Each structure stands twice: as structure tokens, then as C-alpha cells.
Amino acid sequence: MSDLPRLTAEQTAERLGVKLETLYAYVARGLLDRERTAGGSSFDPLEVEAFASARRRRASPAPARSEGRPLMVIETDFALIDDGQLYYRGRPAAELAGEPFEVVARWALTGHWEPSARFAAGPGLEDARRVAEALPAGAGDRDRQLVAVTALAAADPLRTSLDPEAVAGAAERLIAGMVAVLPDRSPATQAGDGAGAHPHTTSALAAELWARLSPQPATAEALRTLNAALVLLLDHDLAVSTLAARAAASARATPYAVVVAGLGALDSPLHGNASRAAHRMLARIAAGEEPARVVSDAVVDGRGPVPGFGQPLYPAGDPRGRVLLGMLAGVPGAAPVVAAVGALAALLRERTGAAPNVDLALAALSLAGGMADDAGEVVFATARTAGWVVHALAEYREPPLRLRPVGRYSPRA
């Protein structure tokens, strides 16, 4: 560390030519160190200068043909994780969770805040439904969404257009189609258009998704919680599925293909499917089984942490999980699930110190809503589709094929 006067956050951001949220993203990723005092954050000027020089070298003109380069840091301009909180373009995601998902998603895709935003599926929906209905009996809702993306792409004459307005429009239609392609499970008295059937919510998409996932009538509290889950899952920096989506976009894949790439990486017990195992744990505890036995069964194979707990980006606990579990406590009929969450969380806090994450919150929401154990995956995929396309739009502005890591041949002994 140098003895030179330290730079303020504003001075550092100006020196690097970035916004403050980008600067804090560098800090969150361990690229820059900072000191925090009552007066704010400060930075070592020599470290800042070295970092600026390294950025200039990385920004040198790329060769006409990609020869591969180490994959280290990808700059993003939407989601920021800093000091245990998630921000979207500098706004706390927890605060945005009270806004309709469609409004937040359109703002993410276009930069425009439109309180009247609504998403509607485009041409090809009936074909997508027929394709989904033709799947084997054991297919889940995530399988239906995956095949629907391809069917909806085939019906879009502008699917290869990378014009930002066309891409954003395709994303909105695709998200609505991924919901509408699912079978309607709502009670007969609740069937029909989501917005009309549930006038107490401002999110038509959340109402429609609830009707497609739950056989229970929707309450205002349940829809607010589901809407909040969609908003909080919209983006989360460079998660593995987002990296896959950006790699596809780097090759100038269509937005539909970008979503297929993201869905492929999301289909993993360590990522998008994590809520399924957590759902099964909570169901057993809510049914009266001993939490310690349930946890023991969940980790008997030793392959990973207890489902629904821990998040390395949030050492003090996942704020998304806190928000959703707090909202779930107010949902009518959710008391047994909330009690199961409390018992499980107390056990893990005592034994490992791990805190609940968003996967446990999704599991609790789906269990309280009488949904199938894969419902959390569907909520995750529906929300993150918007985030993948936001990242695709950013990647389309970069040199093509830049996300080409270097392979190192290493023969096996």
C-alpha cells in the first residue's frame, strides 16, 4: 500500500472512466481493494493506476480472427452484488420487488420505465402448446418451456434480427409464451385471463403463472410474493447460465438461441434445479418428520451443501431469500411451511452457520402454493429469461466471438 493520499470512490470512478456501480462491481469481484470509514470508501492510487493500465491493455484492438484468450472478467451494466445486497442499475432489487415484473423487465431490456407494461405471447403459441402436449407423460413444466422456445422461434420471422428493439420485443413475447404454454391448473372459478381473474394484482404475468402452477386460488399476498420472486431472480451477475447465454450471444446467436443456451445450463442441481431438492426436504418436515433426519438424508451422498442453504456471494445470508420468506409469512395457509422453514433454518444455523438462500424461498413458496416440486425451476427460468436477453443485448455490442477461452491440451496419464 502506498503513502500517497487515497482517492475517493468518485475520484476513482472518474479515473477509470466508469460509473460508481461498475467500480463497486470491481470491488465485489476482488479486482480492487478499498477501505471503508465513516467518511466513505477510499482507494489506493497506485493500485488504481495499475488496474487502469491493465484495462487499457485488455481494451487494445482485437485481432480479426479470434485466437482465444483467457476468460477472466466480463463487464456488466445491470446487476451489482455489493455489501451483501443486490442492485439493478444502482437500485436495490429488494425495493424493485414491489413493482410489477413486467415493468421491471421492460426497464431492464429497454431502459424505459413504463408502469403500464404488459407482456403478450406472439404468433406460434398454439403450435408451441401442441409441441409441449406431445412430450412424454413424465415431462415437467421446464421441459414444456424448453421445447416451446424453439416452437416460438420458428414462428418469428424476425428471430435473426439483432436490432435492440426487435430483441427486446422478442424477449417479452417469449416470456409470455413460456408461461402461456403451461397447462392451466387453476380452480374452475379462477380460470381465464390472469389479469381479469386476479384484479387485486398489478402483475398480469404473475397471476397467469400462478394459475399455471398452482391448483389453489390465488390471494393478493401469494401473488405479491410470486411477483417479487420473479423480480429478484431476473438477474444475478455472471451466474453459470448467464455465462452460457453470453457465450451464445458472442457468436451472434438469436435471442431465442441465447435463451436455449441459458436453459441448458440452468437445468442443474447446483443452479436452477436446487429448489426441487429443498421442496422435498420442506415437504417431509411439514409432514412431521424430524428435521435432523431429513437433512441427514439430503446430504448422505456428500455431493454438496444442504439444498436451499448458503450462497458464496452473500456470506451473511441471501437477501433475496430473506425478502421472499418474510413475504411468505403473510400468505394465508403458509403457516406449516413457514414453521418447517424455521425448524430447518434453526438446525442449520446451529450446526453449520449457513443461512437460507433464494432456492429455499422458492421451495417454500411452491410448497405453500400446492405446486409440483419443479415449480421453483419454472419461476427461475421465466424470470431469468429476461436477464439472459439483457446480457445478450450487452454482448451484441461487443466484438463477436470474444468469449473464446484458451484450451490447454493435457494428456491423461
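Worth saying up front: this structure is predicted, and the values here are computed from it rather than measured. Computation of the quantities below employed the complete heavy-atom set of this structure, encompassing side-chain atoms and omitting hydrogens, waters and symmetry-equivalent molecules.
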Next item on the list: Could you tell me the separation between the CD atom of Glu114 and the CZ atom of Arg106, rounded to the nearest 0.5 Å?
Entry: 4.5 Å
Checklist line | Pairwise distance OG1(Thr219) to CZ(Arg224) - rounded to 0.5 angstrom | finding: 8.0 Å
Next item on the list: Could you check if a side-chain atom of Trp107 sits within less than 4.5 angstrom of a side-chain atom of His112, using non-hydrogen atoms only?
Entry: no
Notebook entry, point to check: Hey, what do you get for CD (Gln145) to CG (Leu263), rounding to the nearest 0.5 Å?
Noted result: 7.0 Å
Next item on the list: Among Thr8, Asp33, Val27, find the one that has a side-chain contact (heavy atoms from CB on, under 4.5 Å) with Phe43.
Entry: Val27
Checklist line | Taking every non-hydrogen atom, the tightest pair across Ala93 and Leu232 | finding: O-CD2, 3.6 Å
Notebook entry, point to check: Please walk me through it: do Tyr88 and Glu21 pass side chain to side chain donor-acceptor pair (under 3.5 Å)?
Noted result: CA-CA 9 Å; Tyr88 294 158; Glu21 51 262 36; over 6 Å; no
Margin query: If we ignore hydrogens and angles and just use 3.5 Å, is the side chain of Asp127 paired with the main-chain N or O of Leu152 as donor and acceptor?
Written below: no
Next item on the list: Hey, could you give me the CG/CZ distance between Leu80 and Arg29, rounded to the nearest 0.5 Å?
Entry: 8.0 Å
Item checked: Derivation and outcome, side chain to side chain contact (heavy atoms under 4.5 Å, CB included), residues Trp210 and Met371 -> CA-CA 9 Å; Trp210 182 277; Met371 304 174 190; 3.5 Å; yes
Check: Can the positive tip of Arg91 be found less than 6.0 Å from the middle of the six-membered ring of Trp113, inside 45° of the ring normal?
Finding: yes
Check: Are Arg129 and Glu126 ion-paired here, with the side-chain N under 4.0 Å from a carboxylate O?
Finding: yes
Next item on the list: Indicate yes or no: at least one non-hydrogen side-chain atom of Leu135 is less than 4.5 angstrom from one of Arg144.
Entry: yes
Next item on the list: May I ask you to decide if Ala355's main-chain N or O and Arg349's side chain share a donor-acceptor pair within less than 3.5 Å?
Entry: no
Margin query: Check this for me: does any side-chain nitrogen of one of Asp373 and Arg280 sit under 4.0 Å from a carboxylate oxygen of the other?
Written below: yes
Checklist line | Pair Ser203, Glu102: side-chain N/O donor-acceptor within cut-off below 3.5 Å | finding: yes
Check: Does a side-chain heavy-atom distance below 4.5 Å link Leu344 with Leu360?
Finding: yes
Notebook entry, point to check: For Asp184 and Ser186, does a side-chain donor sit closer than 3.5 Å to a side-chain acceptor?
Noted result: yes
Next item on the list: Decide yes or no for Leu174 and Pro255: does some side-chain heavy atom of the first lie under 4.5 Å from some side-chain heavy atom of the second?
Entry: no
Notebook entry, point to check: Closest approach of Ala153 and Arg159, non-hydrogen atoms and distance?
Noted result: O-CD, 3.1 Å
Next item on the list: Give a yes or no on whether the backbone of Ala381 and the side-chain of Thr385 come within a donor-acceptor separation of less than 3.5 Å.
Entry: yes
Next item on the list: List the steps, then state whether side chain to side chain contact (heavy atoms under 4.5 Å, CB included) holds for Leu16 with Leu32.
Entry: CA-CA 12 Å; Leu16 297 176; Leu32 279 174; 4.0 Å; yes
Item checked: Euclidean distance, Tyr256 OH relative to Asp156 CG, rounded to 0.5 Å -> 3.5 Å
Checklist line | Least distance between heavy atoms, Ala105 atom then Leu234 atom | finding: CA-CD1, 3.8 Å
Checklist line | Ring-ring centroid check Tyr87 Tyr24, cutoff 6.0 Å | finding: no
Checklist line | Intermediate values then yes/no, side chain to side chain contact (heavy atoms under 4.5 Å, CB included), Asp237 and Thr242 | finding: CA-CA 8 Å; Asp237 195 56; Thr242 303; over 6 Å; no
Note to self: Determine whether a donor-acceptor pair (N or O, by modelled atom type, separation under 3.5 Å) exists between the side chain of Ser161 and the backbone of Ala166.
What the structure shows: no
Notebook entry, point to check: What are the two closest non-hydrogen atoms of Thr110 and Ala168, and how far apart are they?
Noted result: CG2-CB, 3.8 Å
Item checked: Check ion pair Arg246-Asp235 (N to O, under 4.0 angstrom) -> no
Margin query: Quick one, Val259 and Val389 - any side-chain contact, counting heavy atoms below 4.5 Å?
Written below: yes
Next item on the list: Working to the nearest 0.5 Å, report the span between CG of Leu266 and CG of Leu146.
Entry: 10.5 Å
Check: More than 12 non-hydrogen atoms from neighbouring residues, nucleotides or ligands closer than 6.0 Å to CZ on Arg293, yes or no?
Finding: no
Next item on the list: Report the C-alpha separation of Glu395 and Val258 in whole Å, then their side-chain angles, then the decisive distance to 0.1 Å, and conclude whether the side chain to side chain contact (heavy atoms under 4.5 Å, CB included) test is met.
Entry: CA-CA 11 Å; Glu395 193 59 41; Val258 164; over 6 Å; no
Next item on the list: Evaluate the side-chain proximity of Ile74 to Arg402: yes if any heavy-atom separation is below 4.5 Å, no if none is.
Entry: yes
Item checked: Residues Arg212, Asp141: salt bridge by 4.0 Å N-O rule -> no
Check: Does the ring center of His236 lie less than 6.0 Å from the ring center of Tyr314?
Finding: yes
Check: Salt-bridged, Arg34 to Asp82, with N to O below 4.0 Å?
Finding: yes
Item checked: Sub-4.5 Å side-chain heavy-atom contact between Leu209 and Leu230 -> yes
Notebook entry, point to check: Can you tell me if CD on Glu14 sees more than 12 non-hydrogen neighbours from other groups inside 6.0 Å?
Noted result: no
Next item on the list: Keeping the roles fixed (side chain from Arg384, backbone from Gly262), state whether a donor-acceptor pair exists under 3.5 Å.
Entry: no
Next item on the list: Please report the shortest heavy-atom distance between Ala52 and Arg15, naming the atom on each side.
Entry: CB-NH2, 3.8 Å
Margin query: Closer than 3.5 angstrom, by distance alone: can the side chain of Asp318 be matched with the main-chain N or O of Val358 as a donor-acceptor pair?
Written below: yes
Next item on the list: Considering non-hydrogen atoms only, spot the tightest contact between Ala206 and Leu223 and give its length.
Entry: O-CD2, 3.8 Å
Margin query: Checking the side chain of Ser214 only, and the main-chain atoms of Ala211 only, is there a donor and an acceptor separated by less than 3.5 Å?
Written below: no
Check: Is any side-chain heavy atom of Leu365 closer than 4.5 Å to a side-chain heavy atom of Leu324?
Finding: no
